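Down below is the structure, laid out as structure tokens.
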Amino acid sequence: MARHLITSALPYINGIKHLGNMVGSMLPADVYSRYLRQRGHDVLYICATDEHGTPAELAAKEQGLPVDEFCAQAHDAQKAVYDGFALAFDYFGRSSSSQNVEITQHFARKLHENGFIEERAIRQVYSPADGRFLPDRYVEGTCPHCGYDKARGDQCENCTRVLDPTDLINPRSAISGSTDLEVRETKHLFLLQSKLQREVMEWVARHDGVWPHLASSIAHKWLTEGLHDRAITRDLDWGVPVPGDTWPELAAEGKVFYVWFDAPIEYLGSTKEWSDQDPENRDWKSWWYDVDDEVRYTQFMAKDNVPFHTVMFPATELGIREPWKKVDFVKAFNWLTYYGGKFSTSQKRGVFTDQALEILPADYWRYFLIANAPESDDSSFTWEHFTATVNKDLADTLGNFVNRVLSFSKKRFGEEVPAGGEPGEAEAKLGEEIARLLAEYESQMESLQFRKAAAALRALWSAGNSYLEEKAPWLEIKTNKDGAALTLRTAMNLIHLYAVVSEPFIPTTSAAMRQAFSLKDDTATWVSADEARSLTAVPAGTPFTVPPVLFAKLTDEDLEAYKERFGGEAA
């Protein structure tokens, strides 16, 4: 089986993330990782908190904490939420780790040796009130492109345009709010992306027709506009230090690398963190170094992260002139909106992941988000859509099927799977339909089409309900007890099949369905086409229990309560 390396965009350290962040990176990566593991592949899913840059310093300042202490606490808080969502990372690291410092400095030295980094004097915003140079995110003002008045000096959150602090209208210090700003000369390191333009273009072109249109079109847009040399150092107290053995003057001034230089390198750093926990059995370089034909690397991210992962970081990797693994497939997502408006961490608009878990268990959210993933276009979260999906798909189609099959069988046949007669035409027809739908589900998962995969999974669940309605064991038992027993045994096998193949989407619920049956040797990780046709994994005589309600139906009162708490429209 293949070896699969999977990474999702690193969540910023400055606060708990919203549902849009979850569905645009970590959750689909988890769903895909779980699926691949079930199919027998060797999978390594790596992620980490992105802890450098001004968001960390500003958030720490707001809470009155040293930045390292703030980051440690915030990392643990975020990890707790991701555990609550059942994200099965192989390792969830920190970009402030010593491993990331080591690898980032190595990359910088190699780029310098190869002529792709040079020191330049630039003019930069200086705040006399703060007594320091202000990195890009420490400058706020009005975006010259869209007029948004809270744009940062690196990027406008509203229109997503990349900015320079000097582009802003009416700029002010994000530290003190002072508008008394000056422009002074200072020195920084620049990555000479312009010298790597041709190589990056050729590398991106090799993925044309392979990457989704969203990822490919964004990469080509940036390349068409031309790669510019970019400053990769900042004047901050927190970050990966510029190595003094290579740039002693800048190191003495306390320069650190720009967060977008070291953050993608943390994929390697986090893998080394994982490896260093068990060095006798783990080799981080076996996933990253000189492994082009041995490892398939898939990245997950929202569209605002695409340029950095398809252009900037590949330029870094190409410039090092060492055989580090580059991404094979970039799964990019559009925005999940809140009633048509943007989710926003900074403006606290929308539903945040910790709040979601306070309301309902993770599987409700996991299924809804993936079933409505913003793949081909932006998709909108509304409470009306959420409650309707939960009630129709989870409570009625799956949950009610499981409950009524097991409850009715227990009532009429006891606590063991009944035997009944031999399968007939209805069971043969059902088996063929399940095998066909399972193949469709597998195909969509293999191609990372998550909404279509969810639709195929929902169709599998629906097939069980159709079979049950056709056979009507509650009527069948009055004239043909063996026939009713066969129907229920077949339906119980469907429940077991659902437990196995639904695990990537709803792992906690899948475990509950699987544990309903006391099978001695239940080691199945997936279901073959022949097994789907025969539906015999749970034989007659197997003890079973009726699990608690898998999914509670949401009421009109619930809907109104959610809208009152979070707002029923975009701000």
Side-chain angles (χ1 to χ4, degrees), residues 8 16-32 34-35 81-82 84-87 300 302 333-341 343 350-401 441 444-445 448-462 498 501-510 512-513 549-556 558-563 565-568 570:
S8 53
I16 300 300
K17 305 298 117 180
H18 53 68
L19 293 181
N21 183 281
M22 175 66 72
V23 74
S25 57
M26 290 174 285
L27 180 56
D30 178 73
V31 170
Y32 186 55
R34 286 176 176 274
Y35 170 76
V81 172
Y82 304 144
F85 267 86
L87 300 184
F300 291 79
F333 290 85
N334 288 282
W335 301 123
L336 177 70
T337 66
Y338 186 74
Y339 285 85
F343 278 82
V351 186
F352 288 74
T353 49
D354 57 343
Q355 298 168 329
L357 294 177
E358 291 172 9
I359 297 170
L360 290 166
D363 282 358
Y364 289 73
W365 301 104
R366 288 178 63 103
Y367 176 79
F368 173 82
L369 291 171
I370 293 297
N372 297 280
E375 291 176 295
S376 59
D377 207 344
D378 291 350
S379 61
S380 178
F381 177 94
T382 71
W383 287 109
E384 291 84 357
H385 189 199
F386 175 72
T387 55
T389 300
V390 166
N391 290 346
K392 183 176 184 295
D393 294 358
L394 296 178
D396 287 344
T397 303
L398 177 62
N400 187 50
F401 176 81
Y441 178 51
Q444 300 300 346
M445 288 292 280
L448 286 84
Q449 294 295 316
F450 291 100
R451 293 181 72 146
K452 292 179 179 178
L457 180 61
R458 183 168 57 245
L460 278 165
W461 300 342
S462 295
Y498 296 161
V501 302
S502 303
E503 194 265 350
F505 281 70
I506 47 173
T508 303
T509 305
S510 291
M513 287 192 287
V549 173
L550 298 181
F551 294 101
K553 292 196 76 166
L554 304 180
T555 66
D556 290 342
D558 292 326
L559 173 60
E560 292 306 314
Y562 301 150
K563 291 174 67 176
R565 176 176 176 183
F566 295 97

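Position 1 is the first residue of the sequence; numbering continues from there. Computed from a predicted model, the values in this text were never measured in an experiment.
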Quick check for you: to the nearest 0.5 Å, what is the distance between [X] atom [atom1] and [Y] atom [atom2]?
| X | Y | atom1 | atom2 | result |
| --- | --- | --- | --- | --- |
| E503 | R34 | CD | CZ | 4.5 Å |
| L457 | I370 | CG | CD1 | 11.5 Å |
| E560 | T555 | CD | OG1 | 9.5 Å |
| M26 | K17 | CE | NZ | 8.0 Å |
| K392 | L398 | NZ | CG | 12.5 Å |
| F333 | D377 | CZ | CG | 14.0 Å |

In the structure I gave you, are the side-chain heavy atoms of [X] and [Y] within less than 4.5 Å of one another anywhere?
| X | Y | value |
| --- | --- | --- |
| F566 | I359 | yes |
| M22 | L87 | yes |
| L19 | F343 | yes |

Please name the pair of heavy atoms, one in [X] and one in [Y], separated by the smallest distance, quoted to 0.1 Å.
| X | Y | value |
| --- | --- | --- |
| S379 | P374 | OG-CB, 3.5 Å |
| V23 | L369 | CG2-O, 3.4 Å |
| W461 | S502 | NE1-OG, 3.2 Å |
| V31 | F450 | CG1-CE2, 4.0 Å |
| A512 | L550 | CB-CD2, 4.3 Å |

Just say parallel, tilted or perpendicular for the rings of F551 and Y364, cut-offs at 30° and 60°.
perpendicular

Measure the acute angle between the ring planes of F505 and Y441, then classify it against the limits of 30° and 60° as parallel, tilted or perpendicular.
tilted

R451 and S376: side-chain contact (heavy atoms from CB on, under 4.5 Å), yes or no, with the steps?
CA-CA 10 Å; R451 293 181 72 146; S376 59; 5.7 Å; no

Taking NZ in K452 as the centre, count heavy atoms belonging to other residues, nucleotides or ligands within less than 6.0 Å. Is the count above 12?
no

Before giving the answer on salt bridge (charged side-chain N to carboxylate O under 4.0 Å, His left out), spell out for D396 and K553 the whole-Å C-alpha distance, their side-chain angles and the decisive distance to 0.1 Å.
CA-CA 8 Å; D396 287 344; K553 292 196 76 166; 3.4 Å; yes

Is there a side-chain hydrogen bond (donor to acceptor under 3.5 Å, both in side chains) between D363 and T509 once you walk through the steps?
CA-CA 7 Å; D363 282 358; T509 305; 2.7 Å; yes

State whether the side chain of [X] and the backbone N or O of [Y] hold a donor-acceptor pair below 3.5 Å, judged by distance alone.
| X | Y | result |
| --- | --- | --- |
| Y498 | L460 | yes |
| T397 | L394 | no |
| Q444 | A456 | no |
| D378 | L336 | no |
| R366 | P361 | no |
| S8 | F300 | no |
| D30 | L27 | no |
| S380 | G340 | yes |

Residues which pass side-chain hydrogen bond (donor to acceptor under 3.5 Å, both in side chains) with W335, listed by chain and number, not counting sequence neighbours:
none

Take Q355 and H18 through the test side-chain contact (heavy atoms from CB on, under 4.5 Å) and record every step on the way to the result.
CA-CA 9 Å; Q355 298 168 329; H18 53 68; over 6 Å; no

Only one of Y562, Y339, Y338 clears side chain to side chain donor-acceptor pair (under 3.5 Å) with W383; which?
Y338

Measure centre to centre between the rings of F386 and W365, then say whether the value is under 6.0 Å.
yes

